[in-house]
S.K.: 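I am attaching a structure below and will ask some questions about it afterwards.
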Amino acid sequence: MANTQTMTAEATTIEPPKFLTGAQAIMQCLVENNVKTIFGYPGGAIMPTYDALYDYQDRIKHILVRHEQGAGHAAQGFARMTGRAGVAMVTSGPGATNLMTPIADALLDSTPMVCLVGQVKANLLGTDAFQECDIIGMSMPVTKWNYQITDPNEIPEIMAKAFYIAESGRPGPVLLDITRTAQADFMTQPFVYKPCDEIVSYRPRITPKQSQIEEAAKLINSAQKPYIFAGHGILIANAQDELDQFARKADIPVATTLLGMSALPHNHPNYIGWLGMHGNYGANVLTDEADLIIAIGMRFDDRVTGDLSKFISQAKVVHIDIDPAEINKNIVATAPVVGDAKEALKALLPLIKERKHTEWVAEFKKYDDIEFEKVSKRDLFHDGDQIKMGEAVAMLSKKTKGEAVTVTDVGQHQMIVNRYYEYMKPNSLVTSGGAGTMGFALPAAFGAKVGAPDREVIALIGDGGFQMTIQELGTIAQSGLPVKIIILNNNFLGMVRQWQQLFFDKRYSFVELQNPDFITIAKGFGVDAHKVSDRAELSGELDKMLAANTPYLLEIVCEKEENVFPMVPAGASVSSIRLE
Amino acid sequence: MTTYTLSIFTTNTIGLLNRITIIFTRRRLNIESLTVCETERKGVSRFTIVIRHESRDAVEKLVRQIRKVVDVLAVFGYLDHEIVFNEIALFKLATPLGGTPLDIKEINLDWNAKVVHWGLDYVVIEKNGTEAEISEFYQYMKNWEILEYLKSGRVAVGKTEKGLVEYLPEADWETV
Ligand SMILES: Cc1ncc(C[n+]2csc(CCOP(=O)(O)OP(=O)(O)O)c2C)c(N)n1
């Protein structure tokens, strides 16, 4: 309405230069940024932008989610697949607060995201207006950067800055709080979009200092038992080839963190497993024997280190990270290297000597054998009649040749997927690592499928977490995209139950679920759904699921009180890892 | 406990104070004093934050976390001997008829303080100095009835020949 009024009022006077509204400028910025898909949910304070979107539907595909948390996680899934910022667009107040969990999740897992959030009109700010919320204040601790836009003229510059900050350096979420007036008002100058590639107060170091590289190379060349910890930074920097060459040339065993999973293919001669609370036996225990740790794009999270005072205290540490604040944060680095993982590895490669550490690499194998005997064998080859999560995942891994993208939720099944899915392609695990957000998987899998339509994307979710964002089945059904969803149903909040069993005298305090009929629910949403509880039928059911080219849900009824091992008890040293 | 003075240079943006202080509160660090001002360079603000901590390592980590904020240009952590620093205190004293008269000369010359306002039956005295000097002066001021006492946060400059602009990432910093 404001639009027509201005037009008629001004039509009688001199023809004014035609400028965009703020909302149109937002759309134009998305187009200039090559954003083809956004995830969102409309409401009062963002309506001018949704109105502008109406005219941009041919250039920008908007996906209507069912809850703003879904928009956020979908944007994360999209970002993890594409390396580009996922865009979520929501209204003010509750729309914005619903987005907080994905934002916090994205900050911890270094996921680029641009959140466009509506805000009440500028003159209402601070008046407790309808759906007003101090979202700048609220999101400050969980965003890489946030900014409130009150003037439409600011939009091109701020949007450019938002994408640059979200995607560069250590990626992270950015939130723009845009008043309704800034969306509805006309700019008073022509729209000019200039991509941002420099901010004076923000200069992530990409190329490491040569002196740091030389120092690191010296340590690597003289180490007897070097050990690489490969983190998410490898995948973010797209440095898996460099990691491969580096590990082969110096013949160094490589373990990944949870988010570093798939940085090397499972059958790589130097890949020895994963680190952390439910990681592999050898990968954890042998941290005590290494004389040099080469940590790349990982942050020594407490789920990796266990008791910090006892972790790798005998070893020297080369720590490569793009975020200088990670250096010496938890573990003191003998030789810090600040820079992008790919650039650092490229610079290191010519300086490191070709070596053979045959015995050292083989040592991990011994522990693998023990782990197989005590843990994997029980999970994979048993004669019980109930399906174990492990065997289901291992079967899925075989059937997909380890080439699918697995998107996991949080809990026992998450750990089981990492144990038994044998990743052959890089960037194939999307999971909520730092935040451990239940409800992540379903929307994130959808976003991942949007970002990587040519890959088989399979969500693996617990029966608890599935019910946290179950409504996104609607989004998936509406899109028609063949997202595959597996519920590993143990009828328990399994991971919490496991802790209660092991550390709280089996006092099961509110962990058993009375679950709905997932099949009926999925069908109600228009998603094809099947259930399997008989081991003999598992293989056939998985085949059917993989053959589908529509959204498909498979509920696998699993043994109820299975535990995940190995396990490093929280706060204990990694050497106290338990196998049973 | 050691006193550390942090000088934080930022671009002048709304909300930055909040973004910086939450880094302290999240780590349960108490801010002893905080002063924000514009600098001689256009668009650059300067935060001076004083904290006490027993671990230098923790302070170094804190500095790196502050540096990480997108709008922060530079951060320096100083020990007291590395800076010239000062605070300003105001004392409102009651001067009723028949009370002990103030010795203005002593206040001026011995204490290096001055009366900045004469009220009907009170005066306001301003004293600049370090925290120690101010607290010493406070003891002296107690000879009168102190109606109000307050003190600013610390302002501090490093004892180096360089000006701030030389530490900031290269850019054409316009002087104000
Ligand atoms: C949002 C959220 N709330 C609570 C938790 C704590 N939590 C971690 S694992 C878990 C149980 C998950 O149960 P389920 O989804 O059934 O998966 P399972 O462990 O059985 O595989 C809970 C409650 C969490 N991680 N996230």
Side-chain angles (χ1 to χ4, degrees), chain A residues 104 107 110 122 125-126 134-151 154 158 161-162 164-177 196 198-205 299-300 308 319 321-333 336 338, chain B residues 6-29 36 38-39 41-47 53 55-77 164-175:
Chain A
L107 185 74
S110 310
L125 285 171
D134 175 13
I135 211 67
I136 288 291
M138 209 167 177
S139 64
M140 215 165 248
V142 291
T143 47
K144 186 171 172 186
W145 188 63
N146 64 9
Y147 189 85
Q148 185 173 62
I149 300 180
T150 51
D151 175 354
E154 287 182 293
I158 297 299
K161 214 172 147 181
Y164 175 61
I165 292 171
E167 291 173 352
S168 61
R170 179 175 180 177
V174 168
L175 181 144
L176 299 180
D177 187 33
C196 175
E198 198 184 49
I199 297 170
V200 67
S201 58
Y202 165 76
R203 309 195 155 192
R205 177 180 271 285
R299 60 189 174 89
F300 295 105
L308 201 56
H319 191 177
D321 205 288
I322 198 160
D323 180 358
E326 289 302 340
I327 306 292
N328 295 350
K329 188 181 83 177
N330 294 332
I331 290 283
V332 176
V338 176
Chain B
L6 308 182
S7 291
I8 305 165
F9 298 99
T10 73
T11 55
N12 186 0
T13 25
I14 294 183
L16 203 55
L17 173 64
N18 198 358
R19 218 177 229 288
I20 288 173
T21 52
I22 55 179
I23 297 172
F24 292 76
T25 44
R26 196 176 148 197
R27 292 169 178 76
R28 293 184 62 80
L29 281 169
V36 191
E38 296 270 284
T39 64
R41 304 288 153 169
K42 215 173 174 173
V44 178
S45 302
R46 178 173 188 147
F47 291 64
H53 210 287
S55 151
R56 186 187 171 94
D57 182 47
V59 176
E60 284 177 4
K61 283 178 192 171
L62 179 76
V63 164
R64 282 194 291 272
Q65 292 295 337
I66 298 169
R67 180 64 195 89
K68 192 168 157 174
V69 173
V70 166
D71 295 308
V72 168
L73 291 156
V75 190
F76 303 96
L164 122 77
V165 69
E166 294 169 73
Y167 290 110
L168 296 184
E170 5 25 286
D172 294 326
W173 296 104
E174 246 180 278
T175 42

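So that the names make sense, note that chain A is the first sequence line, chain B the second, and so on, each numbered from 1.
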S.K.: What are the two closest non-hydrogen atoms of A:Ser201 and B:Asp71, and how far apart are they?
M.R.: OG-CA, 3.5 Å

S.K.: Can you tell me how far CG of B:Asp57 sits from NZ of A:Lys329, rounded to the nearest 0.5 angstrom?
M.R.: 13.0 Å

S.K.: As a quick check of understanding, evaluate side chain to side chain donor-acceptor pair (under 3.5 Å) for B:Arg19 and A:Thr143, giving each step before the final call.
M.R.: CA-CA 10 Å; B:Arg19 218 177 229 288; A:Thr143 47; 2.6 Å; yes

S.K.: Can you list the residues that meet the side chain to side chain contact (heavy atoms under 4.5 Å, CB included) rule with B:Arg56, with sequence neighbours excluded?
M.R.: B:Tyr4, B:Glu60, B:Leu79

S.K.: In Å and rounded to the nearest 0.5 Å, what is the CZ to CG distance from B:Arg67 to A:Asp323?
M.R.: 11.0 Å

S.K.: At a heavy-atom separation under 4.5 Å, does B:Val72 approach chain A through its side chain, its backbone, both, or neither?
M.R.: backbone

S.K.: Out of curiosity, B:Leu73 CG to A:Tyr202 OH, how far, rounded to the nearest 0.5 Å?
M.R.: 14.5 Å

S.K.: Minimum heavy-atom separation for A:Pro324 to B:Arg64, with atom names?
M.R.: O-CD, 3.3 Å

S.K.: For the atom pair CD1 (B:Ile23) and CE (A:Met140), what is the distance rounded to the nearest 0.5 Å?
M.R.: 10.5 Å

S.K.: Determine which residues belonging to residues 165-175 of chain A lie within contact range of chain B, meaning some heavy atom pair is under 4.5 Å apart, and list them by number or answer 'none'.
M.R.: A:Ile165, A:Arg170

S.K.: Among residues at least two apart in sequence or on other chains, which ones pass side chain to side chain contact (heavy atoms under 4.5 Å, CB included) with A:Val332?
M.R.: A:Asn328

S.K.: Who passes side chain to side chain contact (heavy atoms under 4.5 Å, CB included) against A:Asp134, sequence neighbours left out?
M.R.: A:Ile136

S.K.: Going by heavy atoms in the side chains, are B:Ile14 and A:Gln148 under 4.5 Å from each other?
M.R.: no

